Number of protein chains: 2
Amino acid sequence: MTTPRTKPATLKDVAEAAGVSISTVSRVFSSPGRISPETSDRVREVARKLRFTPNVMARSLITGTSPNIGLVVPDITNPYMTTLLKAAQRVSRGHQTGIFVADTDDDAEIERRVCEQFAQQSRGVILCAPRMTASHIREISGLVPLVLVNRVVEGIPSVYTDSRSALRELFDELVEQGHRRIGYLPGPAGSWSNKQRARTVADRARSLEVELVRLDPTDGTHAAGVLAAVQVLELGITAVMAFDDVLAAGLVEGLRQHGKSVPDDVSVTGHDDILSELVHPGLTTITGQSARVGQLAIARLLDSSGPDAGSGPELGVLLDESVGVKATVVRRHSTAAPRSRSD
Amino acid sequence: MTTPRTKPATLKDVAEAAGVSISTVSRVFSSPGRISPETSDRVREVARKLRFTPNVMARSLITGTSPNIGLVVPDITNPYMTTLLKAAQRVSRGHQTGIFVADTDDDAEIERRVCEQFAQQSRGVILCAPRMTASHIREISGLVPLVLVNRVVEGIPSVYTDSRSALRELFDELVEQGHRRIGYLPGPAGSWSNKQRARTVADRARSLEVELVRLDPTDGTHAAGVLAAVQVLELGITAVMAFDDVLAAGLVEGLRQHGKSVPDDVSVTGHDDILSELVHPGLTTITGQSARVGQLAIARLLDSSGPDAGSGPELGVLLDESVGVKATVVRRHSTAAPRSRSD
DNA sequence: AGGCATGTGTCAAAGGTTTGCATAGAACCG
DNA sequence: CGGTTCTATGCAAACCTTTGACACATGCCT
């Protein structure tokens, strides 16, 4: 009925077949150089023939460390996360490192549970938990090495996309185009990123003495973006910077439903550069750098707990520092000068 | 510098603190009922206080089975896969089951390597490998219980979305609207799903005596969809059914670049219902049922290797059978009657 | 009172690996 | 040639848990 499964070969099997002791075989794989080349070759040959691969569980049990790492995200459905995952995947491949993925449905309790579960079976976890309290995060960091994504908390290493300068640049461009009443469409309330972006834009508006209106908070969904259209129109805003592309796309759709067009009637910008090809007109946005973030995050984890940990910072950063990846603006077709009043 | 990590408590610690033997503590957790309620309570209390959780590695080592399962997909970036993953996640949560995810970049060699890696550390893997040869798949199934997704190979359990009747229905609707020259825009060449869909549509066209033109093969990307537009226009096709939504969205964009509009100039349909909210006009498509597929796949894995395996089929299906979940068509705004010739 | 079923707990082996220590032989030096 | 050092390998403990076999106590039946 079900396919028969044969037991995999163990060190012992290989040792017997090769006429050496178990420890010798073990050393052939784990501390090469201690074994003479001839023995080593013979053992490898036998091992290959027997299709031997070291038992990960047993190894982890004794070394007290697992080859795997965990990735905890609020919503795996978000393209930002999948490209991050994909990038992480690529670097992990060379390291025999498996990646646990947990989607927490944006629930802080689940976040905690999952982290604890992963702590045991991973040598580290990449945690993207925009809502969890900092003290919870610290607590978890006592269980397992952590790298935070898109959030910084004192004393814990993190990687985030730093879009502050890009946001300012984009804001300035809108102003240059003639917009004097610009909206910020917020993302999820508890989100660290949202706070950052909102503050950056607000600061810029203040120093340029341009009016910034902060639209009602949203949950970051496409639907929320659609809904936001009415507020934008009511308030007579001519350009809005959305928390991210999903929201921006929703807003574009919402405006269309009210017979308004982008960018002729109102300009819209996004963030993360994730829906670039899909929405029309092409969204002017800011690169999310999620691939780079994923790559850095896993690299830090891998070599902070790797075989040569302690030999100094390899990424050119202190190990508990937070590193920001600079984002840039990508210009497409969703912004333009505001319609003149007389139109 | 880095956060200090304290060793987690073991059975032994709990046993000593509670004044019982190790085995007693073990049984409190693994075979309840063998231990008297009083002892059990006391032990649990102590365990809680010590923050004890059984060491997964040690447990797996001795039981010869892991709590985790693996998910292997060609491209985690595809929304079909992420919703599948999300659904699987939800059911796994109740089972303390971690999910390994591997993105294989559509590379058969990586698929194989990753499966072998997961085999050791998982109690089963959900394999979505549209390109791998059937014999490779069989081989892997000798290493670890498998559930195939969107592909069926004799003797191996699988779950797939069955859109044959929906495809026929959709095709019929196009014909009713007056289309007489309909195109099929193929997905990745090696893909099992692509073959199924192409054949279903071709069969229907034959029996309805309507002309079906099979467009050039694509790699399934958005860009390929954009490119396909020229062929569609050259051949004077009035409606095209695309392999999936990504391709369909690309095609819509491509047509727009040639000044043609959907559905006025040509009708376009997709598959998977994944980009519904994002493209304009809303895509008429077929539900992918990825969530349901994910849910079923993991459920089969979980209870085929679960504690009560062998107590009979729990899902109402034989354990090595393949189960299809019926897809339905969702009508939006990307199809219409063809322009009459005289326009 | 002796025998027995039942309920509760302990002992020790097993699972596959890593690794500190011991050993044995070889090579080297004086 | 005796002694020292070095290299290659083996032995056995340890990691933490599960589990079959067994021991002990209790209470019941005859």
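This one's a predicted model, so the numbers in the text were calculated from it and none came from an experiment. Scope of the values below: all heavy atoms of this structure, side chains included, with no hydrogens, waters or symmetry mates. Convention: sequence-line order gives letters A, B, ...; per-chain numbering from 1.
Counting only N and O atoms by type, the side chains of B:S290 and B:T83 include a donor and acceptor under 3.5 Å apart. Of the N and O atoms on the side chains of A:D105 and B:Q89, not one donor lies less than 3.5 Å from an acceptor on the other residue. A donor atom on one side chain and an acceptor atom on the other are not found under 3.5 Å apart for B:S23 and B:S26.
Toward the 5′ end of DNA chain C lies the nearest nucleotide of B:G19, the other residue of the pair A:M57 and B:G19 mapping further downstream. For the pair A:S40 and B:K12, nearest-nucleotide mapping onto DNA chain D gives the more 5' position to A:S40.
Contact annotation for B:T10: backbone-only contact, meaning every heavy-atom pair under 4.0 Å involves sugar-phosphate atoms and none involves a base. Backbone-only contact: B:F52 has heavy atoms under 4.0 Å from sugar-phosphate atoms and none from a base. Using a 4.0 Å heavy-atom distance criterion, B:S31 is classed as making no nucleic acid contact. Within the nucleic acid shown, B:T39 comes within 4.0 Å of sugar-phosphate atoms alone, with no base atom in reach, counting heavy atoms only.
Atom CZ in B:R27 sits roughly 13 Å away from atom C1' in C:dG7 (whole-Å rounding). As rounded to whole Å, 15 Å separates atom P of C:dT19 from atom CD1 of A:I22. Put simply, CG on B:L61 is 13 Å from C1' on C:dT18, counting in whole angstrom units. In this structure, the CZ atom of B:F29 is 15 Å from the P atom of D:dT19, given to the nearest Å. In this structure, CD1 of B:I35 is placed 13 Å from P of D:dT19, rounded to the nearest angstrom. At whole-Å resolution of the value, CD in A:E16 and C1' in C:dT17 are 15 Å apart. The separation between A:D13 atom CG and C:dG16 atom P is 8 Å, rounded to whole Å. If you measure from atom CG of B:L11 to atom P of C:dA14, you get 19 Å, rounded to the nearest angstrom.
Ring geometry, B:F29 versus B:F52: the interplanar angle falls from 30° to 60°, so the pair is classed tilted.
Considering only the side chain of B:A58, C:dG15 comes nearest among C:dG15, C:dT18, D:dT18. You'll find that the side chain of A:S26 is closest to C:dT18, out of C:dG16, C:dT18, C:dG20. Counting only heavy atoms from C-beta on, B:I62 has its side chain closest to C:dG15 among C:dG15, C:dG16, C:dT10. Of the candidate nucleotides C:dG16, D:dT17, C:dG9, C:dG9 has the atom lying nearest to any side-chain atom of B:R34. With distances taken from any side-chain atom of B:S30 to the nucleotides D:dT18, C:dT10, D:dT17, the minimum falls on D:dT18. For B:R59, the side-chain atoms get nearest to D:dT18 when compared with the rest of D:dA14, D:dT18, D:dG10. Listed candidates were C:dT10, C:dT17, C:dT19. Nearest to the side chain of A:S23 is C:dT19.
Counting heavy atoms from C-beta outward, A:I140 and A:R112 have side chains that approach closer than 4.5 Å.
Atom CD of A:E45 has more than 12 neighbouring heavy atoms from other residues, nucleotides or ligands inside a 6.0 Å radius.
The side chain of B:S36 contributes an N or O atom lying less than 4.0 Å from OP1 or OP2 of C:dG9.
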